[in-house]
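The next block holds one structure in the form of structure tokens; read it before the comments.
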Amino acid sequence: MPTSIITTDDLREFKMELLDDIKNLLSKQASGKIKKYLKSSEVMDLLQVSPGTLQNLRINGTLPYTKVGGIIYYDAEEIQKVMDANSVHHGLNS
């Protein structure tokens with residue numbers, strides 16, 4: 001498998017993209033555009049995960065959910081709490 005060298009510029013660019021994405025999500029949440037409950041397909045799009053990964057997150061208890069009439073719903077606030085709780089910080093500066 002070929003290796004790739006990641007430079008500090010690559011990391012800085014990634015950080016800026018991630019911060020932009022977070023700002024967009026926060027602005028959507030503040031303006032009420034994010035729904036309180038999300039369906040599985042919406043969560044997969046939001047987290048960029050496959051159906052199998054989402055199922056594993058449910059099974060192992062990582063993502064709480066509610067099932068109503070065969071449809072699985074996820075609380076958007078709970079997803080945010082899980083993301084915050086699993087945040088990893090590596091001493092990257094600026």
(Q) Using side-chain heavy atoms (C-beta onward) and a distance below 4.5 Å, is V43 in contact with L57? (A)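 Not in contact.
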Only distances under 3.5 Å count here; give the side-chain donor-acceptor pairs of residues 63-75 to other protein atoms, sequence neighbours excluded, each with its distance to 0.1 Å.
unit_1: Y74; atom_1: OH; unit_2: R58; atom_2: NH1; d: 2.7
unit_1: D75; atom_1: OD1; unit_2: E77; atom_2: N; d: 2.9
unit_1: D75; atom_1: OD2; unit_2: K36; atom_2: NZ; d: 3.1

**Q.** For E42, side chain to side chain contact (heavy atoms under 4.5 Å, CB included) partners two or more places apart
**A.**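 Expected list: K35, L38, K39.
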**Q.** Partners meeting side chain to side chain contact (heavy atoms under 4.5 Å, CB included) with D10 (sequence neighbours left out)
**A.**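 Once residues adjacent in sequence are excluded, the partners of D10 under the side chain to side chain contact (heavy atoms under 4.5 Å, CB included) criterion are I6, T7.
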Supply the atom-to-atom distance [X] [atom1] to [Y] [atom2], rounded to the nearest 0.5 angstrom.
X: D45; Y: S40; atom1: CG; atom2: OG; answer: 11.0 Å
X: Q55; Y: N60; atom1: CD; atom2: CG; answer: 10.5 Å
X: L11; Y: M16; atom1: CG; atom2: CE; answer: 13.5 Å
X: L54; Y: S41; atom1: CG; atom2: OG; answer: 9.5 Å
X: L47; Y: I79; atom1: CG; atom2: CD1; answer: 6.0 Å

(Q) Can you tell whether the side chains of K81 and D84 come within less than 4.0 Å, N to carboxylate O? (A)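 No, K81 and D84 are not salt-bridged.
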